[in-house]
J.: 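I have a structure I would like to understand better, so I am pasting it below and will then ask my questions one at a time.
Being a predicted model, the structure only gives us computed values, none of them experimental.
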Amino acid sequence: MKDISLKELLEAGCHFGHQASRWQPKASGYIYGEKGGVHIIDLVKTKAGLEAAGKFLGDLAQNGGSIIFVGVKRQAKTAILDAVKRAGVYYIIDRWPGGMLTNFSVIHKNLVRIDELKTKSTDEGFTKKERLLASRDMNKLLAQYGGLVGLDKLPDAVFLVDIKKMAGAVMEAKRCGVKIVAICDSNVDPEPVDYPIPANDDAVGSVKIIVDYLAECWIEGKK
């Protein structure tokens, strides 16, 4: 498993939490101190959480499991897109589809429909108008579910950036027994998360270093 240093985490800005007035008391175990009214996250805990999460992802990949990387906030989208291209994992970067896990059978029908429309849009057996309409319908579904094409069963895990914003995803994952890996800033309750990574979830550098590390662990596991 790739090594990561406290210096790298520090330079990426992983240690900056939220304003002390906006903290979540259940995150107290990850807070090193306070500076200028801002909580400072303990990077020793960040490193330990990241390595535990990385080992879980590596083992999951090695055993043929599946995971969805989810980051709908602006700071996470580019990092996740770059990482999933290398790692080949499923992803969501726009909106979490309601019922994504709790009503997966409906989501799966849409994924199957994408394949059907793709075939129809290029099949010369259909009229030009029919192919055009099929292509339009396919693109609409791809805009919602493009990062999930090929997923044929509930994922084994989800990786979430900002569980406060992704409360619906957390609730669905817990209900369905799907493991949760997540960046947990100082303003969230980490208890529902199976593999919490205490770190800044607002800074692009912080999100990127964590996403890249987890993607590399996944790639190593697949090898």
J.: Calculate, to the nearest 0.5 Å, the distance between atoms CD1 and CZ belonging to Ile41 and Phe16 respectively.
T.: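 Result: 10.0 Å between the selected atoms.
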J.: Give a yes or no answer on whether the side chain of Asn63 reaches the backbone of Gly65 with a donor-acceptor pair at less than 3.5 Å.
T.: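 Answer holds: no.
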J.: Examine Lys45 relative to Tyr30 and say whether NZ or CZ is less than 6.0 Å from the centre of the six-membered ring and inside a 45° cone about the ring axis.
T.: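 Pair Lys45/Tyr30 does not count as cation-pi.
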J.: Could you pull out the closest heavy-atom pair between Glu172 and Thr102, with the gap in Å?
T.: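 It is OE1-N, 3.2 Å.
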J.: Answer yes or no: are there more than 12 heavy-atom neighbours, outside Lys165 itself, under 6.0 Å from its atom NZ?
T.: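 For Lys165, atom NZ is not crowded (no more than 12 foreign heavy atoms under 6.0 Å).
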J.: Out of Ile4, Leu6, Leu10, which one pairs with Glu8 under the side-chain contact (heavy atoms from CB on, under 4.5 Å) rule?
T.: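 Of all the options given, the one that passes is Ile4.
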J.: Are Leu57 and Met166 grouped together when hydrophobic residues (ILVMFWY) are joined by side-chain heavy atoms under 4.5 angstrom apart?
T.: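 No, it is not one cluster - the side chains of Leu57 and Met166 are not joined through contacts under 4.5 Å.
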J.: Taking the side chain as every heavy atom from C-beta outward, state whether Leu50 and Ile209 have any pair of such atoms under 4.5 Å apart.
T.: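 Of all side-chain heavy-atom pairs linking Ile209 with Leu50, none is under 4.5 Å.
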J.: Could you list the residues that satisfy side chain to side chain donor-acceptor pair (under 3.5 Å) with Asp94, not counting sequence neighbours?
T.: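 Result, side chain to side chain donor-acceptor pair (under 3.5 Å) vs Asp94: none returned.
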J.: For a quick test of reading the model, state the closest non-hydrogen atom pair linking Ala157 to Leu60 and the distance between them.
T.: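 Looking at all heavy atoms of both residues, the closest pair is CB-CD2, 4.0 Å.
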J.: Answer yes when Arg86 and Asp82 have at least one side-chain N-carboxylate O distance shorter than 4.0 Å, and no when they do not.
T.: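 Answer for the salt bridge query: no.
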J.: Tell me if the NZ atom of Lys223 is crowded by more than 12 foreign heavy atoms within 6.0 Å.
T.: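 Not buried by this count: 12 neighbours or fewer within 6.0 Å.
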J.: I need the Thr119 OG1 to Ile114 CD1 distance, nearest 0.5 Å.
T.: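 The CD1 atom of Ile114 is 12.0 Å from OG1 of Thr119, to the nearest 0.5 Å.
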J.: Please assess Val84 against Ile93 for the test side-chain contact (heavy atoms from CB on, under 4.5 Å), listing each intermediate value before the final yes or no.
T.: CA-CA 11 Å; Val84 300; Ile93 58 168; over 6 Å; no
J.: Hey, what do you get for CD1 (Ile219) to NZ (Lys222), rounding to the nearest 0.5 Å?
T.: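 With rounding to 0.5 Å, CD1 (Ile219) is 10.5 Å from NZ (Lys222).
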J.: Please answer whether the main-chain N or O of Ala12 pairs with a side-chain N or O of Ser206 as donor and acceptor at a distance below 3.5 Å.
T.: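 No.
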J.: Quick one: does any side-chain atom of Ser186 pair with a main-chain N or O of His39 as donor and acceptor, under 3.5 Å?
T.: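 It does not hold such a pair.
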J.: Between Leu160, Leu154, Val89, Leu151, which is the residue that forms a side-chain contact (heavy atoms from CB on, under 4.5 Å) with Ile68?
T.: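 Answer to the side-chain contact (heavy atoms from CB on, under 4.5 Å) test with Ile68 among Leu160, Leu154, Val89, Leu151: Leu151.
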J.: So, does Asp156 use its side chain to make a donor-acceptor pair with the main chain of Ser66 at under 3.5 Å?
T.: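 At least one qualifying donor-acceptor pair exists.
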J.: Quick one: salt bridge (Lys or Arg N to Asp or Glu O under 4.0 Å) partners of Glu116, sequence neighbours excluded?
T.: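 Applying salt bridge (Lys or Arg N to Asp or Glu O under 4.0 Å) to Glu116 gives Arg113.
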J.: Cluster question for you: counting only ILVMFWY and a side-chain heavy-atom cut-off of under 4.5 Å, with indirect links fine, are Ile180 and Val70 together?
T.: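 Yes; tracing contacts between hydrophobic side chains, which count when under 4.5 Å, links both residues.
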J.: What I want to find out is whether Lys55 reaches Glu51 closely enough, with some N-O distance under 4.0 Å, to be called a salt bridge.
T.: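 Judged by the 4.0 Å cut-off on N to carboxylate O distance, Lys55 and Glu51 do not form a salt bridge.
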J.: Can you measure from SG (Cys14) to CD1 (Ile40) and round to the nearest 0.5 angstrom?
T.: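 The distance works out to 12.0 Å.
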J.: State which residues pass side chain to side chain donor-acceptor pair (under 3.5 Å) with Asp185; sequence neighbours excluded, sorted by chain then number.
T.: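 Side chain to side chain donor-acceptor pair (under 3.5 Å) list for Asp185, sorted by chain: His18.
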J.: What do you reckon, is NZ of Lys77 surrounded by more than 12 foreign heavy atoms closer than 6.0 Å?
T.: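 Yes, because the 6.0 Å sphere around NZ of Lys77 holds more than 12 heavy atoms from other groups.
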J.: Is atom OH of Tyr90 surrounded by more than 12 heavy atoms (other residues, nucleotides or ligands) closer than 6.0 Å?
T.: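 Yes, because the 6.0 Å sphere around OH of Tyr90 holds more than 12 heavy atoms from other groups.
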J.: Side chain of Lys26, backbone of Pro190: donor and acceptor closer than 3.5 Å?
T.: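 No, the answer is negative, given that no donor and acceptor are paired below the 3.5 Å cut-off.
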J.: Answer yes or no: is there a donor N or O on one side and an acceptor on the other, between the side chain of Arg95 and the main chain of Gln144, under 3.5 Å?
T.: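 A pair under 3.5 Å: no.
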J.: Evaluate the side-chain contact (heavy atoms from CB on, under 4.5 Å) criterion for residues Asp42 and Lys47: first the C-alpha distance (whole Å), next the side-chain angles of each, then the deciding distance (0.1 Å), finally the verdict.
T.: CA-CA 9 Å; Asp42 187 343; Lys47 178 178 166 67; over 6 Å; no
J.: Knowing that exactly one of Trp218, Tyr195, Phe159 qualifies, which makes a ring-ring contact (aromatic ring centres under 6.0 Å, His included) with Phe56?
T.: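 Among Trp218, Tyr195, Phe159, the one that satisfies the ring-ring contact (aromatic ring centres under 6.0 Å, His included) with Phe56 is Tyr195.
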J.: Once you round to the nearest 0.5 Å, how far does CG of Leu141 lie from CG of Leu148?
T.: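 Between atom CG of Leu141 and atom CG of Leu148 there are 11.5 Å.
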J.: Does atom NZ (Lys73) have a neighbourhood of more than 12 heavy atoms from anything else shown, all under 6.0 Å?
T.: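 Count over threshold, so yes.
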J.: Nearest 0.5 angstrom please: Asp59 CG to Glu220 CD, how far?
T.: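 Rounded to the nearest 0.5 Å, the CG-CD separation comes to 11.5 Å.
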J.: Using modelled atom types and a 3.5 Å cut-off, is there a donor and acceptor pairing between side-chain atoms of Asp201 and backbone atoms of Ile183?
T.: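 Here the side-chain-to-backbone pair does not exist.
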J.: Take atom NZ of Lys179 as the centre, draw a 6.0 Å sphere, and report whether it contains more than 12 heavy atoms from other residues, nucleotides or ligands.
T.: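 Counting other residues, nucleotides and ligands, NZ of Lys179 stays at 12 neighbours or fewer.
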